[in-house]
Amino acid sequence: MAEVQLSIKNLHKSYDRLDVLKGVDLDVHKGEVVVLLGPSGCGKSTLLRCINGLETINEGTITLDGEVISGKSQAEMSKYRQKIGMVFQSYDLFPHKNIIDNITMAPRKVQGRDRVSAEKEARDLLARVGLLDKEKAFPRMLSGGQKQRVAIVRALEMHPEMMLFDEVTAALDPEMVREVLDVMLELAGQGLTMLIVTHEMAFARAIADRIIFMDGGHIVEQSDPETFFTHPKTDRAKEFLENFEFVARKRKNDSV
Amino acid sequence: MLVLAIDAAREPAISILFRGNNFVRLLGGLWVTIRISMISAVLSIPLGILFGIFMMRKNPAAKAVSRVYLDFIRIMPQLVLLFIVYFGTTRAFGINLSGELSAIIVFVLWGTAEMGDLVRGALSSIPKHQYESAAALGMTPMEINIYVIIPQTLRRLIPLAINLITRMIKTTSLIVLIGVVEVLKTGQQIIDANRFAFPTAALPIYGVIFFLYFFTCWPISLLAKYLEKRWKN
């Protein structure tokens with residue numbers, strides 16, 4: 001197996017007196033696609049947010065490429081965040097900038113790249129996600145799915161070593177989910193390291209190299225997707241998966 | 001003399017405007033109005049920005065202080081504030097402030113409170129996601145403010161701040177009551193001085209004052225509307 005890129009040791013995180021993460025250990029290898037599953041409130045989104053320092057952690061260490069990145073100030077953290085792209089559930093483009101400026105702002109201001117080459121790369125990436133004709137549009141003119149694809153491109157333009165996806169399709173209309181997931185599938189095929197939080201089970205099964213199942217602030221189970229979806233080891237994982245099956249069976253009966 | 005008065009009475013009342021330097025005097029009065037408003041606005045806007053940022057602090061003492069200040073200024077009619085500053089300071093401390101200076105003090109106190117509340121509103125209307133997504137792109141807190149937060153805040157703020165200026169211009173009509181001779185008082189003086197020659201002068205003079213206010217505030221209001229439309233998102 002490839003080298004370990006991200007290593008999380010004994011991570012604890014609490015809000016006031018609510019413990020959200022209670023000692024998480026996780027190694028992610030270069031090029032690996034890890035999908036985090038689990039019921040709402042199990043801490044999977046918080047885990048992603050801790051990785052790029054949006055949440056301060058209470059205990060433990062996070063190491064990226066052998067360098068400890070946890071417990072840093074916001075200003076220091078900005079250096080590591082350039083290596084870690086993140087896409088959120090909300091459509092979080094900058095409303096005062098058009099699409100191409102949204103994408104090139106951080107590369108130009110943070111990495112000091114020149115406008116011409118940044119824009120050329122942005123256009124190549126936009127073409128790949130089928131949005132080249134939108135470069136001069138403003139975010140308000142785009143659909144939710146289009147905005148999320150731009151948000152992915154905006155993160156990719158920083159040349160991250162790793163991408164974090166926090167329920168990026170959860171706020172989308174159902175018909176727009178596919179276009180975003182397809183972009184992510186393509187990225188996974190190119191060997192980008194990815195950590196994905198999602199509730200799309202079929203997608204998780206298709207994209208993951210490894211499934212991490214979390215519950216109550218712990219990693220409860222981890223395995224390859226085929227094993228996880230066909231033979232979950234723990235009762236909690238079984239119950240979780242049955243929730244989705246139950247929804248499916250009921251839908252079938254309704255339609256008959 | 002009698003002949004003159006009769007002659008004058010035959011003229012339409014509006015012609016009083018072109019007698020002597022009456023129109024220039026009115027414009028002079030308008031200049032006093034604009035000068036007081038502009039000095040107050042120029043001082044209120046930066047102070048209001050600082051006050052707005054101060055109001056965003058989570059410190060309970062800071063919150064209480066800003067709340068009391070904002071409510072006090074909002075609840076008090078501007079006229080009462082003018083009287084307190086103009087007459088009250090003389091009585092309490094023996095300081096003799098000119099009417100114009102008192103007016104500027106009151107308008108700055110008022111403008112700072114209003115502007116501060118606008119700044120607070122604009123800042124708190126920026127969603128948390130804007131900070132986080134910018135941070136996730138590797139921007140430092142300083143870069144996030146410069147490139148993401150302040151441009152968005154200004155776009156929301158500038159049309160509102162411009163409207164505040166038009167409100168200030170209109171409210172200056174109160175300062176006649178502390179003896180400042182601005183456009184309205186000048187108009188009254190012209191009407192009074194020609195009471196016998198032009199007994200019906202009040203309507204045209206106040207009509208002209210109406211248009212002077214209108215053509216001062218209207219372009220400002222148009223500018224606010226234009227910016228609001230252009231920056232809508």
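Here is the naming used below: chain letters follow the sequence lines, and residue numbers restart at 1 for every chain.
For the set A/Met105, A/Met86, A/Gln74, the entry with the most heavy-atom pairs within less than 4.5 Å of chain B is A/Met105.
Residues of residues 141-148 of chain B that come closer than 4.5 Å to chain A, counting heavy atoms only, are B/Pro141, B/Glu143, B/Tyr147, B/Val148, ordered by residue number. Scanning residues 161-176 of chain A against chain B with a 4.5 Å non-hydrogen threshold yields no residues. Identified by a heavy-atom distance below 4.5 Å to chain B, the contributing residues of residues 46-63 of chain A are A/Arg49, A/Asn52, A/Leu54, in residue-number order.
Taking the six-membered ring for Trp and thresholds of 30 and 60 degrees, A/Phe94 and A/His96 have ring planes inclined between 30 and 60 degrees apart. Ring-plane geometry between B/Phe211 and B/Phe214 is classed as perpendicular, the angle between the planes exceeding 60 degrees on a 0 to 90 degree scale with a lower cut at 30.
A/Leu6 pairs with exactly one of A/Leu26, A/Ile84, A/Val28, A/Asp65 by the side chain to side chain contact (heavy atoms under 4.5 Å, CB included) rule, that one being A/Val28. The salt bridge (charged side-chain N to carboxylate O under 4.0 Å, His left out) test with A/Glu157 is passed by exactly one of A/Arg108, A/Arg113, A/Arg128: A/Arg113.
The closest donor-acceptor contact from the side chain of A/Asp209 to the backbone of A/Glu32 lies at 3.5 Å or more, if one exists at all. Remark: the backbone N or O of A/Val116 is paired with a side-chain donor or acceptor of A/Asp114 at under 3.5 angstrom. Between the side chain of A/Glu76 and the backbone N or O of A/Ser73 there is at least one donor-acceptor pair closer than 3.5 Å.
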Item checked: Residue pair A/Asp182, A/Arg149: steps toward the salt bridge (charged side-chain N to carboxylate O under 4.0 Å, His left out) verdict -> CA-CA 10 Å; A/Asp182 281 344; A/Arg149 283 184 279 162; over 6 Å; no

Margin query: Could you walk me through whether B/Phe51 and B/Tyr69 satisfy the side chain to side chain contact (heavy atoms under 4.5 Å, CB included) test, starting with their C-alpha distance in whole Å, then the side-chain angles of each, then the deciding distance to 0.1 Å, before giving a yes or no?
Written below: CA-CA 10 Å; B/Phe51 179 54; B/Tyr69 171 56; 3.3 Å; yes

Next item on the list: Apply the test salt bridge (charged side-chain N to carboxylate O under 4.0 Å, His left out) to residues A/Asp92 and A/Arg154: give CA-CA distance (whole Å), side-chain angles for both, the deciding distance (0.1 Å), then the verdict.
Entry: CA-CA 11 Å; A/Asp92 52 357; A/Arg154 186 175 65 172; 3.5 Å; yes

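Donor-acceptor pairing under 3.5 Å is recorded for the side chains of A/Gln5 and A/Thr193. A donor-acceptor pair shorter than 3.5 Å can be found between the side chains of A/Lys9 and A/Ser7.
Using a 4.0 Å cut-off between a side-chain N of Lys or Arg and a carboxylate O of Asp or Glu, A/Lys136 and A/Asp101 do not qualify as a salt bridge.
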Name the atoms and distances for all side-chain donor-acceptor pairs under 3.5 Å in residues 116-125 of chain B, with sequence neighbours left out.
unit_1, atom_1, unit_2, atom_2, d
B/Asp117, OD1, B/Arg120, NE, 3.2
B/Asp117, OD1, B/Arg120, NH2, 3.2
B/Asp117, OD2, B/Arg74, NH2, 2.8
B/Ser124, OG, B/Arg120, O, 2.9
B/Ser124, OG, B/Gly121, O, 3.4
B/Ser125, OG, B/Gly121, O, 3.4
B/Ser125, OG, B/Ala122, O, 2.8
B/Ser125, OG, B/Arg156, NH1, 2.7

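For a residue to count as touching a neighbouring chain, one of its non-hydrogen atoms must lie under 4.5 Å from one of that chain's; by this rule A/Phe138 does not touch chain B.
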